[in-house]
Amino acid sequence: MPKLTIDDIEVTVEPGTSIIQAAEQVGIEIPRFCYHDKLSVPANCRMCLVEVEKSPKPMASCALPCGDGMKVYTQSEKARQARKNVMEMLLINHPLDCPICDQGGECDLQDQAVAYGYDRSRYEEDKRAVTNKDLGPLVKTVMTRCIQCTRCVRFGEEIAGVTELGVIGRGEHLEIGTYVAQMVTSELSGNIIDICPVGALTSKPYAFTARPWELRKTPGIDVLDAVGSNIRIDARGGEVMRILPRLHEDVNEEWISDKTRFAVDGLKNNRLDKCYVRKDGKLEAATWEEAFDAIKTQAKKRTFGAVVGDLADCESIIALKDLMKELGATNLECRQDMAQIDVKHPAGYLFNTTIAGIEKADAILLVGTNPRTEAALVNARIRKTWLAKRISIGVIGQQIDLNYPYKYLGAGPDTLAELADGKGEFADVLAKAKTPMIILGAGALRRADGYAIQALARKVAEKFNMARDGWNGYNMLHTQASRVGALMLGFVEGDEASWQKVDALYLLGADEMPVENIRPDCFVVYQGHHGDAVAARADVILPGAAYTEKSATYVNTEGRVQNGLQAVFPPGDAREDWQIIAKLADTLGHKLPYATLPQVRARLAQENAAFAKVDEIIPAKWTAFGKAGKCDSKPFGVTVENFYMTDAISRASKTMQACTEAFVNAEAGKKAVANA
């Protein structure tokens, strides 16, 4: 392995390591604009120039591999002067926008200009101006500020798989554009805002609303899908201003989806901030005591059941389970979509390979899933693996654009059954693969033969030796942040439609419930944070807290337990969900055995030991799951039809409504015209 010295510090590195990477290993920071450790190396900004002994000129450290015996100087006069010259060239055409630029205060160009810039310019020529591009309702462009680092272009090509941005022109006329006027349609497009080192690309919904030094920064967990992306919640006063990604290499790396980032305005629209009780057929505002008394009256004469929604946290789930147990309820459900999942065997409902483990796979079979809309970061990881190893990917289900090539195998269970029997071209691919994996989506299980399909998928996994010591290639991809946590806590009693049999229902954020299936005479308690369709059906409404308004535990599709912190307080009379349930239990005469958050989390660990190991993956034991039976030959359905609106928060977001109009409806209109 090469051994070299950087600023008189000796370091040994892996072959192929660049000087800029080696410098970071010993804590030396080299300035850069175009270099990004998740993207390819273009070496076009030249800001990372260093002096290398015996080299006639400064060298770009991002593109120069380390050599044995090299002596590198990052702070020599030669290196610093070279960077000053580069900075002077970059600022020739850069506008003096800092006072009105949304990047101000967190701008790489600002920071480097302080270190390497001059206090005046020697150039008197007119600065060039570049026309702004309309990239859609999410990304604002001020292209005159662009320094052509091409990070956004490389992100689109390499991470998102959408080659809509590119470089056009040469010399002084070079600029970033979309060739023909079009919007950037990637579900990961907001990440180009984060990686842009200047203010050329900023958030359009966030424009001119706050400065970074005004914001209170809180670590959180995203709940708008089941990936469990690590996020940073930036708030001012009582309002969440924006959401940014936090680094977690095993989950979301340093990216988040556009829905996670931009649905933030939905947190303040259509909010429930007071209790309501139905009187004479109309919902009327009420106090907490009046709402609890109304529930107490009905609890004496009705049989309760409970349904947990997609965004519920684990603390509220265990509190509701304990309350329902005290009430003698035997109808508990966390599968609003009535997906037939064998809940007794964790190996059957977890993403066993783990998200990071996707990179070890050498063949992938997707069954009844569209990871691009169901879990954008999982899809990005699959694309990353395909780019690195050009692995074979097969799809059973609908033909969709996944941003990487795949072999379309068929539409439904018949194709899966053929694979289980070892038939077909892709069966040979799986047989030859050393680490094959299968990803089963909810679209394959939201049907009457779901258990049989799950058993068939298990048969495929066993046929091609996917489940063995050191490797488990069987995966279930969920779309709900609460689903795995609720299953781990055993919030399933009765069959999939048991909630239709009771005459009293407690809905904990169950915003996706099919209201028409609730009995007309059923007494409904809704606890949640948005006044969606299900809340309108309720007889009592209890205002809860959104995910940014409580310290809560969530379990992602891998079975990874993660904690998020409270960033702001709930609006009005709204309270944290587990506290509402505990107070209601007191009113009903069933005091729960915990009164603080640590006590609730101790109760979680008591119910399932995995909750005592935060951010760890506990491998599930491979067991027989699913139920063998006959499968209907009809094609697998779609789980997520509109990526931008999948829950109460995103449906309340005006930004997500604009995205639906710009991307979903517009695309549907184009297809209709093409098919006419």
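Heavy atoms only: backbone and side chains are in, while hydrogens, waters and symmetry mates are out. Position 1 is the first residue of the sequence, and the numbers go up from there.
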Can a side-chain donor-acceptor contact be found between [Y] and [X] if the only test is distance below 3.5 angstrom?
X: Q562; Y: N230; answer: yes
X: D225; Y: S257; answer: no
X: R246; Y: N252; answer: no
X: Y404; Y: N379; answer: yes
X: N370; Y: E374; answer: no

Going from [atom1] on [X] to [atom2] on [Y], what distance comes out if it is rounded to the nearest 0.5 angstrom?
X: T369; Y: F636; atom1: OG1; atom2: CZ; result: 11.0 Å
X: T354; Y: K360; atom1: OG1; atom2: NZ; result: 6.5 Å
X: I649; Y: N270; atom1: CD1; atom2: CG; result: 11.5 Å
X: R271; Y: E549; atom1: CZ; atom2: CD; result: 4.0 Å
X: N93; Y: D126; atom1: CG; atom2: CG; result: 10.0 Å

One thing to verify: whether [Y] and [X] come together as a salt bridge, which I'm taking to mean a side-chain N less than 4.0 angstrom from a carboxylate O.
X: R242; Y: D102; value: no
X: E172; Y: R128; value: no
X: K389; Y: D362; value: no
X: D337; Y: R446; value: yes
X: R32; Y: E24; value: yes
X: E106; Y: K217; value: no
X: E164; Y: K133; value: no

**Report entry** Greater than 12 external heavy atoms within 6.0 Å of D401's CG
**Finding:**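 Buried by this count: over 12 neighbours within 6.0 Å.
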Query - Identified side-chain contact (heavy atoms from CB on, under 4.5 Å) counterpart of T150 within the set L39, V167, L165 - result: V167
Query raised in the report: Can you tell which of T646, T655, D647 makes a side chain to side chain donor-acceptor pair (under 3.5 Å) with K259?
Result: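 Going through the options one by one, the only one that passes is T646.
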Report task. Could you walk me through whether I364 and L366 pass side chain to side chain contact (heavy atoms under 4.5 Å, CB included), step by step? Result -> CA-CA 7 Å; I364 299 177; L366 303 176; 3.8 Å; yes
Report task. Kindly determine whether N403 and E187 satisfy side chain to side chain contact (heavy atoms under 4.5 Å, CB included), including the steps that lead there. Result -> CA-CA 11 Å; N403 294 337; E187 63 283 349; 4.1 Å; yes
Requested in this report: For the pair V264 and I233, evaluate side chain to side chain contact (heavy atoms under 4.5 Å, CB included) and give the outcome as yes or no after the intermediate values.
Outcome: CA-CA 10 Å; V264 62; I233 306 164; over 6 Å; no
Query - Student check: side-chain heavy atoms of D615 and H248 closer than 4.5 Å - result: yes
